[in-house]
Structures are given as C-alpha cells and as structure tokens.
Asker: 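Quick one: the structure is below, and I'll ask about it shortly.
Quick caveat: nothing in here was measured; it's all calculated off a predicted structure.
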Amino acid sequence: MDAELTRSLATAADLLARAQAVAVLTGAGVSAESGISTFRDAQTGLWSHFDPQQLASQSGFAANPGLVWRWYMHRLAAVEAATPNPGHLALAALERQTPHFTLITQNVDDLHERAGSTRTLHLHGHIARFFCNTCQAPYTLHPDDRTAPMPPECKFCTGYIRPGVVWFGELLPEREMWAAWQAADTCDLFLVIGTSGVVYPASQLPVRARRHGAPIIEVNPEPSELSVMADICLRGPSGVVLPQLLMAIRGR
Ligand code: OAD
C-alpha cells in the first residue's frame with residue numbers, strides 16, 4: 001500500500017470512528033467487483049453497446065418494448081447470479097458500528113441488502129420489482145416472462161409490465177429522496193463510493209452535506225465529478241479500500 005493511501009486511510013478511520021451520523025452514497029462502482037458492469041465504462045459499460053435513452057426511458061419503451069424488456073431480463077439475471085463483494089460487506093459492518101447510518105444507493109440491485117445492510121434507500125428503484133406502465137398495478141414475475149420476447153401484459157388494463165427502476169425523465173421516489181436529503185442535512189460525515197457523480201439529484205447530496213460542514217470521503221479508483229469537494233480521496237476499488245478502512249478503524 002502506498003504511503004499516501006495509508007495516511008488517508010488513517011485520517012478517514014479517525015473521522016469515521018468519531019462520527020455519530022454517517023451518510024453514504026453508492027453507485028455502480030460498488031457492484032463492479034461483483035461482476036455487474038458500470039454504466040459509463042468505455043470498454044465494458046452497458047451503455048457502450050446500447051443507447052441509454054432507448055433502454056431507460058418512456059419513449060424508448062414505447063418505441064421498442066421487446067428490446068427494453070429483454071435487456072432488463074438480461075440485467076436481472078446478472079444481478080441474481082452476482083454475490084455481494086467485500087465492499088458491500090464492509091458497508092454493512094460499518095452500519096452496525098455507527099449510531100446513525102444511512103446508505104443511499106443509485107443501484108437497482110439488492111447486493112447491499114444481501115450483504116446485511118438494513119437502512120438502505122434506493123433512489124433509482126429496484127430491478128426485481130415490476131408494475132404496469134399504464135395503471136401502476138404491481139406485478140409478480142412469472143418464470144416464462146424471463147425469456148419472453150415482449151413484456152407481459154397487465155391483467156387489469158392490458159398495459160405493458162415494466163421494471164421498477166427510475167427511467168430518464170421520471171421522478172425519483174419521493175419518500176426515499178426526502179429521507180436522503182434528511183440524511184445529507186444531518187450527517188457529520190458523508191461517504192461517496194463508486195459513483196461518477198454525474199446524475200442529478202443524487203449528485204447534490206454530498207453538496208448539501210458539505211454546505212453544513214460535513215467532511216466528504218470519496219472511494220473510487222478514478223477521479224469523479226465529486227472529487228473536487230472531497231476532503232479525502234481513497235483511490236482504489238471499494239472491494240479493497242472499504243475492508244482496509246474497517247481494519248484501520250478497528251486498529252485505532
Ligand atoms: P457510473 O457508471 O456513471 O460510474 C461508476 C463509477 O464507479 C465510476 O466513477 C468508476 O470510476 C467507479 N468504479 C469503477 N469500478 C470501481 C470499483 N471497483 N470500486 C469503486 N468505484 C469503482 O455509475 P453511477 O455513478 O452509479 O441511473 O451512475 C449513476 C446513474 O447513472 C445510475 O444509477 C443510472 C445512470 O443513469 C439510472 O438508471 C436512473
């Protein structure tokens with residue numbers, strides 16, 4: 001481990017050990033080591049093969065519901081086959097040792113929950129939940145739906161069934177967003193992990209935390225849009241850095 005990372009880990013561990021209220025924002029990077037592609041990786045990112053507007057928007061769904069359905073079924077299978085990595089596990093452990101801990105995620109997978117996190121806010125929904133795009137009635141996925149060429153139809157109104165994720169141009173879930181603002185406004189430390197920080201309003205959460213004086217710690221192998229406001233940047237994959245951080249807290 002290089003000397004700068006060791007120093008930064010020690011400072012971050014001190015801040016975390018003293019913090020009473022910690023808010024965390026995670027993005028696709030935290031699930032990358034579980035084998036789920038991030039969104040904006042030039043080589044392997046999901047959207048290097050597809051047009052995001054086509055896959056994650058009302059207009060795209062209207063234009064090609066079969067393509068959108070098949071893509072989400074592919075994504076769902078990848079999420080179900082994945083297992084939490086040491087980064088997810090370290091965050092669950094951090095929750096257990098922090099008096100007030102809120103984990104805000106932009107991820108639509110359930111790897112944080114499977115790792116043991118209990119106070120999780122999903123700003124962009126859940127890939128394994130479904131509802132009717134027309135009447136919003138909830139829908140339970142049937143095994144045949146997974147290989148179907150088209151989305152299933154709603155039994156109440158014959159509208160198409162869609163995944164419970166937030167698409168471009170749609171509003172974020174109000175209750176989760178409100179709770180996320182609250183956590184950002186009241187935390188005494190904010191962690192930004194594995195996100196490029198380019199998608200609003202999630203990207204504003206650390207700005208809000210910073211405004212009332214909470215230090216910001218970033219964990220990301222690469223600089224992001226949010227790096228400029230970070231007090232400490234831990235440059236490395238979250239599956240490596242977060243367990244190191246946990247050890248540094250325990251070794252104080
Ligand atoms: P991005 O794909 O934009 O960014 C992933 C970030 O993870 C990048 O900054 C990478 O450097 C970093 N990263 C890669 N591997 C990592 C690792 N092992 N450990 C830590 N960090 C790593 O994904 P998001 O920021 O999550 O929204 O994207 C935000 C939103 O954009 C998504 O939730 C999605 C998309 O629009 C919706 O679908 C509504």
Side-chain angles (χ1 to χ4, degrees), residues 1-34 84-107 111-121 123 179-197 202-252:
M1 200 189 302
D2 70 50
E4 195 189 325
L5 182 58
T6 309
R7 263 196 310 277
S8 300
L9 274 170
T11 314
D14 277 344
L15 286 171
L16 269 163
R18 278 188 274 123
Q20 292 297 304
V22 174
V24 183
L25 174 67
T26 66
V30 87
S31 293
E33 288 155 272
S34 293
N85 67 56
H88 295 110
L89 295 169
L91 285 171
L94 211 50
E95 174 185 316
R96 289 191 288 273
Q97 65 188 54
T98 309
H100 300 282
F101 189 90
T102 308
L103 178 48
I104 306 155
T105 187
Q106 298 164 88
N107 298 344
L111 293 174
H112 284 306
E113 286 84 355
R114 280 198 264 152
S117 289
T118 62
R119 291 195 287 272
T120 308
L121 301 171
L123 296 186
W181 289 133
Q182 283 285 108
D185 285 344
T186 55
C187 70
D188 47 31
L189 183 62
F190 197 102
L191 266 66
V192 183
I193 307 172
T195 179
S196 55
S203 58
Q204 286 307 297
L205 291 164
V207 178
R208 286 273 283 257
R210 176 99 196 151
R211 203 171 288 158
H212 71 81
I216 313 287
I217 300 173
E218 177 176 67
V219 178
N220 196 317
E222 307 289 337
S224 77
E225 291 292 308
L226 301 172
S227 300
V228 283
M229 75 178 79
D231 298 274
I232 301 171
C233 292
L234 301 172
R235 290 273 166 255
S238 50
V240 174
V241 169
L242 290 173
Q244 285 173 342
L245 190 53
L246 210 57
M247 274 169 55
I249 297 169
R250 288 174 183 160
R252 285 172 76 251

Asker: Filter on side-chain hydrogen bond (donor to acceptor under 3.5 Å, both in side chains), then keep only pairs touching residues 179-193, sequence neighbours left out; what's left?
Answerer: Asp185-Arg208

Asker: Taking all atoms of both residues into account, what is the closest heavy-atom pair of Ala209 and Phe190, and its distance?
Answerer: CB-CD1, 3.6 Å

Asker: Applying salt bridge (Lys or Arg N to Asp or Glu O under 4.0 Å), name anything that partners Arg7, two or more places apart in sequence or on another chain.
Answerer: none

Asker: Might you point out which heavy atoms bring His212 and Cys187 nearest each other, and give the distance in Å?
Answerer: CE1-O, 2.7 Å

Asker: Can you name the side chain to side chain contact (heavy atoms under 4.5 Å, CB included) partners of Val207, sequence neighbours left out?
Answerer: Gln204, Arg211, Met229

Asker: CG of Leu91 to CD1 of Ile193: how many Å apart, nearest 0.5 Å?
Answerer: 4.5 Å

Asker: Atom CG of Leu111 and atom CD of Glu33: how far apart are they, to the nearest 0.5 Å?
Answerer: 12.0 Å

Asker: Asp231 and Pro215: which non-hydrogen atoms are nearest, and at how many Å?
Answerer: OD2-CA, 3.3 Å

Asker: CD1/Ile217 to CG/Leu189 distance, rounded to the nearest 0.5 angstrom?
Answerer: 4.5 Å

Asker: Looking at residues at least two apart in the chain, or sitting in another chain, which of them share a side chain to side chain contact (heavy atoms under 4.5 Å, CB included) with Thr102?
Answerer: Ile104, Leu121, Ala183

Asker: Between the main-chain N or O of Asp2 and the side-chain N or O of Thr6, is there a donor-acceptor pair closer than 3.5 Å?
Answerer: yes

Asker: Once rounded to the nearest 0.5 Å, what's the spacing between atom CG of Leu191 and atom CG of Leu16?
Answerer: 5.5 Å

Asker: Nearest 0.5 Å, please: how far is CZ in Arg210 from CG in Leu205?
Answerer: 15.5 Å

Asker: Could you check if a side-chain atom of Val22 sits within less than 4.5 angstrom of a side-chain atom of Leu94, using non-hydrogen atoms only?
Answerer: no

Asker: Which pairs with one or both residues in residues 90-99 pass side-chain hydrogen bond (donor to acceptor under 3.5 Å, both in side chains), sequence neighbours excluded?
Answerer: Glu95-Thr118

Asker: Can you pull the side-chain hydrogen bond (donor to acceptor under 3.5 Å, both in side chains) pairs that have at least one residue in residues 12-28, sequence neighbours excluded?
Answerer: Asp14-Arg252, Thr26-Thr105, Thr26-His112

Asker: For the residue pair Pro243 and Ala90, what are the closest heavy atoms and their distance?
Answerer: N-CB, 3.9 Å

Asker: Sequence neighbours excluded, which residues qualify as side chain to side chain contact (heavy atoms under 4.5 Å, CB included) partners of Pro221?
Answerer: none

Asker: Who pairs with Ser203 by side-chain hydrogen bond (donor to acceptor under 3.5 Å, both in side chains), at least two apart in sequence or on another chain?
Answerer: none

Asker: Rounded to the nearest 0.5 Å, what's the gap from CD1 on Ile249 to CG on Leu9? Could you check?
Answerer: 9.5 Å

Asker: Name all residues meeting the side chain to side chain contact (heavy atoms under 4.5 Å, CB included) criterion together with His100; count only those two or more places apart in sequence or in a different chain, and write none if there are none.
Answerer: Ala21

Asker: Would you name the heavy atoms of Gly116 and Ala92 that are closest together and state the gap between them?
Answerer: C-CB, 3.7 Å

Asker: Pairs of donor and acceptor atoms involving the side chains of residues 232-242, under 3.5 Å and at least two apart or interchain, shall be tabulated with distances.
Answerer:
residue, atom, partner, partner atom, Å
Arg235, NH1, Glu218, OE1, 3.1
Arg235, NH1, Asn220, O, 2.9
Arg235, NH1, Glu222, O, 3.2
Arg235, NH2, Glu218, OE1, 3.0
Arg235, NH2, Ser227, OG, 3.1

Asker: Counting N and O atoms only, with roles assigned by atom type, does the side chain of Arg119 sit under 3.5 Å from a partner on the main chain of Phe101, one being a donor and the other an acceptor?
Answerer: yes

Asker: If you take all heavy atoms of Gln106 and Gly27, which pair is closest and at what distance?
Answerer: NE2-CA, 3.9 Å

